[in-house]
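None of these values were measured; they are calculated from a predicted model. Worth knowing before you read on, the calculation uses all heavy atoms, side chains too, and leaves out hydrogens, waters and symmetry mates.
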Amino acid sequence: VPAAPPAPLGCDDPESEAVAEVAVSYINGHSHHGYKFALNRIENILVLPQGPNNDIIFLELDLLETTCHILSPLPLGNCTVRSFTAHAVEGDCDVKLQKLDGKLSVLASKCHSHADSSEDVLQLCPDCPLLASLNNTDVLTAVTAALNDHNSKTADAYLRLLEIGRANIQYNPVHLVYVEFAVAATNCSAEAAKDNVEACQLLPDDQSNFGFCTATMVIRPSQDLKVNCQLYGHQVPAPDVLFFSRVVWVRSSQDTS
Amino acid sequence: SVAKRAVAKVAQHDKVPRPVGSVPPPPPCPGRIRHFKI
């Protein structure tokens with residue numbers, strides 16, 4: 001009597017979690033924009049045996065955006081998942097993997113990320129700030145003002161904008177804009193940039209130094225601006241991170257394959 | 001000839017009672033939620 005087929009893998013089985021970990025690491029390692037995502041739920045797993053020690057595995061994952069930008073060197077385990085009231089962003093991913101002689105490799109992945117609905121957030125938190133479009137005028141004004149403010153005060157390298165990561169706008173009780181954006185150091189000091197900013201270019205890849213800024217610009221009742229920029233220090237960039245250093249990006253909900 | 005006997009529908013309370021305290025195994029998927037569901 002042929003051996004009974006193995007029981008289907010459960011989504012919470014240790015083996016499924018190990019497969020999901022490989023998939024999430026691949027997704028974060030091959031993402032060019034935005035933030036790192038953490039596993040929230042394994043929606044489904046399907047294992048198709050292809051032969052001895054050779055399985056094709058289809059995985060459906062539910063991920064949540066973390067507060068770590070994709071360029072951050074922080075390990076995913078140290079990245080905080082964006083809270084529900086901070087207007088969370090969910091990622092739905094379908095991943096195809098192969099397990100050959102016990103070794104897992106990703107063959108393909110397709111993800112779609114989208115913010116939680118405003119109604120959901122406001123239902124739980126009526127005064128919570130909501131995500132704003134990244135090309136909203138107030139958002140662009142806040143990012144420009146924040147970067148200029150940082151560059152006018154720093155004694156370090158002049159920073160250029162890489163991409164706007166996210167922005168929230170709150171209208172009550174104070175009208176304010178909160179922005180997060182990725183930056184890169186240039187080959188100029190901030191002082192030298194005052195004379196000839198056109199000459200300030202992003203550092204070559206073997207010296208690249210990326211960073212991340214957050215800023216809050218109060219519009220009413222009074223004008224105020226707080227900026228905090230942190231450079232990550234030089235890291236050996238993964239080949240596809242180079243993609244970043246040439247283009248400034250404005251991001252909305254996102255599909256990646 | 002074999003005639004299928006009409007078997008009275010088992011009344012709900014006649015079903016074989018599940019041993020007290022036994023919980024049906026959770027469905028294999030979807031898995032547990034680690035943070036929150038949106």
K.L.:
State which residue, out of A:D62, A:N40, A:L64, fulfils the side-chain contact (heavy atoms from CB on, under 4.5 Å) condition with B:I33.
P.N.:
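Of all the options given, the one that passes is A:N40.
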K.L.:
Atom NE2 in B:H35, atom CD in A:E90: separation rounded to 0.5 Å?
P.N.:
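Those atoms lie 12.0 Å apart.
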K.L.:
Any chance CD of A:Q98 has more than 12 other-residue heavy atoms, nucleotides or ligands included, within less than 6.0 Å?
P.N.:
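Check passes, neighbour count above 12.
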K.L.:
Examine whether an atom of A:L9 lies under 4.5 Å from a heavy atom of chain B, and if so say whether it belongs to the side chain, the backbone or both; otherwise answer neither.
P.N.:
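Looking at A:L9, just its backbone touches chain B.
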K.L.:
Answer with side chain, backbone, both or neither: which region of A:E17 has an atom nearer than 4.5 Å to a non-hydrogen atom of chain B?
P.N.:
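Just its side chain gets close to chain B.
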K.L.:
So how far is it from A:R41 CZ to B:R34 CZ, rounded to the nearest 0.5 Å?
P.N.:
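Atom-to-atom, A:R41:CZ and B:R34:CZ are 9.5 Å apart.
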K.L.:
Taking atom CD of A:E65 and atom CD1 of B:I38, what is their separation to the nearest 0.5 Å?
P.N.:
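Interatomic distance, A:E65 CD to B:I38 CD1, rounded to 0.5 Å: 9.5 Å.
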K.L.:
side-chain hydrogen bond (donor to acceptor under 3.5 Å, both in side chains) with A:Y26: which residues, sequence neighbours excluded?
P.N.:
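A:Y26 satisfies side-chain hydrogen bond (donor to acceptor under 3.5 Å, both in side chains) with no residue once adjacent residues are dropped.
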K.L.:
Which atoms form the tightest heavy-atom contact between A:G10 and B:C29, and what is the distance?
P.N.:
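Minimum heavy-atom contact is C-SG, 4.3 Å.
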K.L.:
Quick one: what part of A:S117 sits under 4.5 Å from any heavy atom of chain B, side chain, backbone, both or neither?
P.N.:
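Contact with chain B involves no heavy atom of A:S117 at all.
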K.L.:
Which pair of non-hydrogen atoms, one from B:F36 and one from A:S83, has the smallest distance, and what is that distance?
P.N.:
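Between these two residues, the closest heavy atoms are CZ-C, 3.9 Å.
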K.L.:
Please state whether the side chain, the backbone, both or neither of A:D13 comes within less than 4.5 Å of a heavy atom of chain B.
P.N.:
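For A:D13, neither part sits under 4.5 Å from chain B.
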K.L.:
With sequence neighbours left out, what residues match A:D116 under side-chain hydrogen bond (donor to acceptor under 3.5 Å, both in side chains)?
P.N.:
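Per chain and number, A:D116 pairs via side-chain hydrogen bond (donor to acceptor under 3.5 Å, both in side chains) with no residue.
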K.L.:
Taking all non-hydrogen atoms of both residues into account, name the closest pair between B:P30 and A:C11 and its distance.
P.N.:
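It is C-CB, 4.0 Å.
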K.L.:
Count the heavy atoms of every other residue, nucleotide or ligand shown that sit under 6.0 Å from CD of A:E21, and state whether that count exceeds 12.
P.N.:
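Result for CD/A:E21: open.
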K.L.:
Is it the case that atom NZ in A:K103 sees more than 12 heavy atoms from other parts of the structure closer than 6.0 Å?
P.N.:
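For A:K103, atom NZ is not crowded (no more than 12 foreign heavy atoms under 6.0 Å).
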